[in-house]
Protein chains: 2
Amino acid sequence: MGATTESPRQRYRAQVQEEIKQHAWEQIATAGASALSLNAIAKQMGMSGPALYRYFANRDELITALIRDAYQSLADAIRSAAAGGADLRGLAQAMRAWALEDPQRYLLIYGTPVPGYQAPDDTRQLTNDVMTKLLEAAGGAGLGALPASPLGEHLAASDAGWATAYSAEPERLHRAVVFWTRLHGVLSLELAGHFSGMGFDPARVYAAEVEAVAGH
Amino acid sequence: MGATTESPRQRYRAQVQEEIKQHAWEQIATAGASALSLNAIAKQMGMSGPALYRYFANRDELITALIRDAYQSLADAIRSAAAGGADLRGLAQAMRAWALEDPQRYLLIYGTPVPGYQAPDDTRQLTNDVMTKLLEAAGGAGLGALPASPLGEHLAASDAGWATAYSAEPERLHRAVVFWTRLHGVLSLELAGHFSGMGFDPARVYAAEVEAVAGH
DNA sequence: TCGCATCGGTGATAGCCTCTAACTGTCGCC
DNA sequence: GGCGACAGTTAGAGGCTATCACCGATGCGA
């Protein structure tokens, strides 16, 4: 991808940064994001604590990089599913698979936010990528019309700057939003373990919500 | 409430514990649960760090107490709404109001869990209280039938030990589960700020989901 | 009423963490 | 070949959780 020829130093730097993030993901997967320790990562990599600060100015910057990667990974998963011709159902399954692959990665994006935290601008772009794929699929063939509702009118009237390409088709917007919120509802409760011990299969609840939106 | 007459010491102890939790909630509301510091609370209360450990054995125990209180508070909100004759719509509004009142309190229950954490047994009881109220309201008058679906059959077949009282009415179970997941979907995305900058009103999305389940 | 066990509070301390500062060695570009 | 930029080091400040040993007050039973 048109990278202006990298110096060996830049190369090395990028490699180490990647390795740091690798270790960070392992920590997060086993103990959650709040337990992430730069110090521990440094030790694992055989170097002393402060060395890490050459690569990430502070803990927040590392976490932000991880969030960025998580968004990127989700966007990729969605994009490749869409490229493979997946419809709304397909995207839903791709999202679920991606989430179950590493629950803490999903929760890093959609879980509890730190009150002050502001996501960097480029993650907005990645969110838009995901929403755009959703919007495209939300206009797919074989979808029945959504019942008219106040929400439909509200969405039609709202200035969805992020979805201007589809502002002429509020129906899509409506379906995409409902799709997103319902799937997230099931997924996040499942990942947080709130279904455990309730005796039913989260996959079936998820499938039912997919059908409710993707219609027949 | 039939408390076996309290000694002055127990009385004082309970008061201090309450005050600690009060400060803890303030910290959580402004900086999130992960930033909660026993040390800081002690200082705020004018005593030295280790003193707090007389009241809560460790950080986890304090957080567990807060989670318990959060469940209790939610259960109370739901119960009092139900006692006031609220139907499904009413419960939904009560839940949303309760969540918006203190987003981090909602997220303490339904947000990102620490991978190893096991909720204490009595919170299961409180969850059941909430679900029971939902189940009661899910059988209210004026509700159209849910379309038959694989999920309906699955729920009917699953041994929902937590809902034995309604095992003969799987329709209620179905509606309650869908109610819960859809509302949580909208609410958690709103609280996490994922709707910000999208140009529509979360309250309308929420209302639309309520109508979709509570029917007309 | 008195004695003493229990309880709440203290400072000291160990061990973790983030992050800064000053210093050293090394790599690679001109 | 030399120099500048960069990666790494140790030392250390300051914060945190948590434990320990030690006091002083409190309130209960005898």
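Quick note: numbers below take in every heavy atom, side chains included, and nothing from hydrogens, waters or symmetry partners. Each chain gets a letter, A, B and so on, in the order the sequences are listed, and its residues count up from 1.
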Let me check something: any side-chain donor-acceptor pairs from residues 33-53 of chain B under 3.5 Å, sequence neighbours excluded? List them with distances.
from	atom 1	to	atom 2	distance (Å)
B/Ser37	OG	B/Asn39	N	3.4
B/Ser37	OG	B/Ala40	N	2.9
B/Gln44	OE1	B/His23	ND1	2.6

Within the structure provided, determine whether A/Arg79 and A/Val130 are in side-chain contact (heavy-atom separation under 4.5 Å).
no
Are B/Asp76 and B/Tyr71 close enough that some pair of their side-chain heavy atoms sits under 4.5 Å apart?
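SC-SC contact between B/Asp76 and B/Tyr71 ruled out.
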Spacing between [X] atom [atom1] and [N] atom [atom2], to the nearest angstrom:
X	N	atom1	atom2	result
A/Ile41	C/dC17	CD1	P	11 Å
B/Asp60	D/dT17	CG	P	12 Å
B/Gln17	C/dC7	CD	C1'	13 Å
A/Arg13	D/dA5	CZ	C1'	12 Å
A/Glu19	D/dA7	CD	P	15 Å
B/Asn39	C/dG11	CG	C1'	13 Å
B/Glu61	D/dT17	CD	C1'	14 Å
B/Gln10	C/dC7	CD	C1'	12 Å

Please pick, from [options], the nucleotide with the shortest atom-to-atom distance to any side-chain atom of [X].
X	options	result
B/Met47	D/dC16, D/dT10, C/dG9	C/dG9
A/Ala40	C/dC17, C/dG9, D/dT17	C/dC17
A/Tyr53	D/dT9, C/dC19, D/dA18	C/dC19

At what distance, to the nearest 0.5 angstrom, does CE of A/Met198 lie from CH2 of B/Trp162?
5.0 Å
Would you give the length of the straight line joining atom OH of B/Tyr206 to atom CG of B/Leu183, rounded to the nearest 0.5 angstrom?
3.5 Å
Does C/dC17 have its OP1 or OP2 closer than 4.0 Å to a side-chain nitrogen or oxygen of A/Ser37?
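True: A/Ser37 side-chain N/O within range (under 4.0 Å) of C/dC17 OP1/OP2.
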Using a 4.0 Å heavy-atom cut-off to protein, can you give one letter per nucleotide of nucleotides 20-30 of chain D, 5' to 3': B if the base is in contact, S if only the sugar-phosphate is, - if neither?
-BB--BBSS--
If you find the nucleotide of DNA chain C closest to A/Ala57 and the one closest to A/Lys43, which residue's nucleotide is nearer the 5' end?
A/Lys43
Given that A/Asn58 and B/Gly49 both sit by DNA chain C, which one's nearest nucleotide is further toward the 5' end?
B/Gly49
Could you check whether the rings of A/Tyr110 and A/His184 sit parallel, tilted or perpendicular, using 30° and 60° as the cut-offs?
tilted
Of all the heavy-atom pairs spanning A/Thr112 and B/Gly111, show the shortest one and how long it is.
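Looks like OG1-CA, 3.2 Å.
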